[in-house]
Amino acid sequence: MCGIVGYIGNKNAVPILLRGLERLEYRGYDSAGVAVYSEKEKEIIVCKTKGRVENLETKLYDNPIKGRIGIGHTRWATHGIPSDTNAHPHFSKSGKVAVVHNGIIENYMEIREILGSKGYDFVSETDTETVAQLTEYFYNQTGDLQQAVFKTLEKVDGSYALGIICSDFPDMIVTTKKNCPLIIGLGQGENFIASDITAILQYTRNTYILEDNEVAFVSKDSIKIYDDKKEEIKKDVYVVDWSIEAAEKSGYDHFMLKEIYEQPKVVADSLNRRFKPDGTGIQLDSIKLGREELSNINKVYVVACGTAYYAGLVGKALIEKLARIPVISDVASEFRYKDPLIDENTLVIVISQSGETADTLEAMRLAKKKNSRILAVVNVVGSTIAREADDVIYTLAGPEIAVASTKAYSAQVVAMFLLSLHIALETGKMTVDQFKEIKKEMEKLPSHINKILTKAPNVKRFMEKYIGSKNVFYIGRGLDYTVCREGSLKLKEIAYLHSEPYAAGELKHGPIALIEESTLVIAVATQEHLFAKTMSNVKEVKARGAKVLIIAMEGNREIENYADDYMYIPRTHPILTPLLANIPQQLFAYYMALGLGNDVDKPRNLAKSVTVE
Ligand code: AGP
């Protein structure tokens with residue numbers, strides 16, 4: 001939620017800030033702005049506008065600004081409508097202090113009132129403006145920017161990543177964070193701040209990852225970092241190994257399409273590293289989750305949000321099926337507030353692409369407090385969830401830029417396959433021979449995905465046929481139902497179509513009333529032991545006029561008797577179908593969004609990284 005970037009060095013900051021903001025737009029795109037200290041004018045000049053970074057670029061083209069220090073912001077609105085006035089950066093009363101902020105200042109009304117009584121007027125509806133005003137208020141009292149920032153941070157409650165510049169200190173960016181991500185990029189004679197590495201990857205891979213409550217004073221040649229006790233600290237340089245190409249579209253029309261097509265590689269990478277060289281089991285990096293540790297676990301919880309949660313449901317089903325351990329699943333925003341029954345004998349698996357999702361992070365912290373063992377499945381290396389978890393399985397999907405998650409879901413599902421197989425082997429519920437049989441099938445998954453991707457033109461034709469749909473139902477049973485939930489979310493998210501995923505057998509208990517002539521029902525029917533049952537539900541909706549598109553495994557010609565349209569996935573082991581059956585759903589959502597003229601990569605109202613609760 002909201003992206004921030006900052007530059008200090010010898011180059012003109014504006015183009016660097018703009019490129020960075022373009023890469024951070026996935027975090028929010030309601031408005032964009034930059035604040036740059038102009039040596040000529042001897043003041044900070046702000047340019048900001050409602051809408052996308054391209055609008056800001058146009059505005060800057062007409063009103064160019066130049067300077068060697070600046071901060072930029074792309075917004076996902078929380079306080080106040082998307083407008084020029086509410087866009088960041090926000091100024092203090094005198095214009096001396098400019099601030100960009102990701103997060104929420106919870107006590108901003110209180111601070112506004114206090115400052116209001118001292119003659120400070122507020123021009124925006126945002127919580128962020130209080131940080132700019134408060135910093136200036138303390139700066140006027142102390143004459144010391146460092147003290148002013150520390151004092152401001154003592155007064156604000158909430159979550160934040162902040163970039164602050166002050167015209168009296170044109171050689172310094174102040175930055176800090178609490179529950180929102182912030183990194184410092186280290187260059188030669190120049191330094192950067194950013195919400196994430198993609199914003200600055202073209203300039204540096206060397207970073208400091210700021211921890212909560214640390215405050216950094218960043219100049220072009222030096223960086224001073226203080227901990228929460230205001231003591232100066234040294235940090236290790238973290239070198240990022242993502243390539244810049246991975247963060248670019250490489251000829252694809254959209255990041256989402258590129259990321260869909262990257263899935264064979266992502267799955268191959270995820271598998272290659274994780275099978276033991278002798279083929280007898282799984283190696284989960286340095287995670288100690290062997291026989292002994294597992295003997296202390298009597299309950300498993302899977303906690304995540306959105307797509308990551310649906311990947312978690314695959315994990316739940318497979319741990320229960322293969323390892324016969326009961327697994328409870330919950331979305332993080334519910335888990336947090338229900339006083340969950342967990343203790344030191346509970347393994348809590350949290351799943352997150354970004355590793356920064358506020359609800360997932362807080363759910364994890366709650367579980368930690370209750371002494372549960374935390375295993376995080378995370379994509380972004382060095383993210384907060386990855387750093388705070390007891391153990392981490394990295395999903396190796398590389399940067400995922402499109403707001404709609406595709407390759408990260410696939411990588412999470414592969415992690416769930418591996419984890420459930422590992423637990424089943426370690427607890428003696430699966431033999432090495434049984435494992436080897438599944439492993440053989442897993443190794444074919446990348447080429448299976450490639451094969452499905454060659455059928456993309458068929459999916460495009462389905463889109464053309466069903467583009468007029470107003471409601472789309474997804475039905476399936478067992479593992480197929482988890483796939484339906486992800487398919488339906490994707491369609492809502494980018495095609496803005498009303499869609500419901502239903503356990504196929506549950507449809508007749510109410511929602512079937514919504515089925516009418518030509519309603520599109522997508523039936524996922526890869527679980528062949530449940531096939532006959534799902535087909536009886538297909539017949540029920542067809543009898544009420546629905547059009548049915550069935551996704552099933554190759555060789556199951558019976559679907560052709562029931563379907564208006566169908567799509568086969570290559571035959572695989574039944575536990576592996578949640579990965580393959582989802583690929584046509586991703587393509588369907590993509591083409592529907594495209595056909596409806598939507599912004600595929602940046603769907604309305606959404607942001608990739610949800611760092612507010
Ligand atoms: C997926 O398409 C969504 N953008 C969303 O549901 C996402 O999966 C969810 O917000 C969780 O994000 P995370 O994996 O970064 O924690």
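Remember, it's a predicted structure, so these values are computed and weren't measured experimentally. When a ligand or atom number is given, it counts from 1 through the structure's own listing order.
For His73, the ring pair (Phe, Tyr, Trp, His ring centres under 6.0 Å) partners at least two apart in sequence or on another chain are His88.
Atoms of ligand 1 found under 4.0 Å from any heavy atom of Lys490, numbered from 1 in the order shown, are 1 (C), 2 (O). Remark: ligand 1 atoms within the under-4.0 Å shell around heavy atoms of Ser354 are 13 (P), 15 (O), 16 (O). Counting the atoms of ligand 1 from 1 in the order shown, those under 4.0 Å from a heavy atom of Gln353 are 13 (P), 14 (O), 15 (O), 16 (O). Counting atoms of ligand 1 from 1 in the listed order, those under 4.0 Å from a heavy atom of Gly306 are 6 (O). Each of the following atoms of ligand 1 lies closer than 4.0 Å to a heavy atom of Ala308: 8 (O), 14 (O). Numbered from 1 in the order shown, with element, the atoms of ligand 1 that lie under 4.0 Å from a heavy atom of Thr307 read 1 (C), 2 (O), 6 (O), 8 (O). Using a 4.0 Å cut-off to heavy atoms of Ser405, the atoms of ligand 1 that qualify are 1 (C), 2 (O). The contact set between ligand 1 and Ala404, taken as ligand atoms under 4.0 Å from a residue heavy atom, comprises 2 (O).
Few gaps surround NZ on Lys258; more than 12 heavy atoms of other groups in view lie less than 6.0 Å from it.
Remark: aromatic rings of Tyr238 and Tyr208 are distant, center separation not under 6.0 Å. Between Phe462 and Phe588, the distance from one ring center to the other does not fall under 6.0 angstrom.
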* Evaluate side chain to side chain donor-acceptor pair (under 3.5 Å) for Ser420 paired with Lys321, printing each intermediate quantity in order. => CA-CA 9 Å; Ser420 52; Lys321 185 181 172 66; over 6 Å; no
* Asked: Going through the distances and angles, do Asn179 and Tyr160 end up as a side chain to side chain donor-acceptor pair (under 3.5 Å)?
  -> CA-CA 6 Å; Asn179 294 337; Tyr160 47 79; over 6 Å; no
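Geometrically, ligand 1 and Glu493 share a nitrogen or oxygen pair separated by less than 3.5 Å. Of the N or O atoms in Val403, one or more lie within a sub-3.5 Å distance of an N or O in ligand 1. Of the N or O atoms in Ser352, one or more lie within a sub-3.5 Å distance of an N or O in ligand 1.
Checked by atom type and distance alone, the side chain of Trp76 never pairs as donor or acceptor with a backbone atom of Gly3 at under 3.5 Å.
For the residues Leu361, Leu606, Thr357, the heavy atom positioned nearest atom 12 (O) of ligand 1 is part of Thr357.
No part of Glu356 comes within 4.0 Å of ligand 1, judged by heavy-atom distances.
Minimum interatomic distance between Arg27 and Ser195 (heavy atoms only, all atoms of both residues): NE-CB, 3.6 Å.
Atom 9 (C) of ligand 1 has Cys305 O, 3.6 Å as its closest protein atom, hydrogens excluded (heavy atom only). Scanning the protein for heavy atoms near atom 10 (O) of ligand 1, the closest one is Val610 CG2, 4.0 Å.
Looking only at atom types and distance, the side chain of Thr307 has a donor-acceptor partner in the side chain of Lys490 under 3.5 Å away. Side chains of Arg461 and Asn458: a donor-acceptor N/O pair is present below 3.5 angstrom, by distance only.
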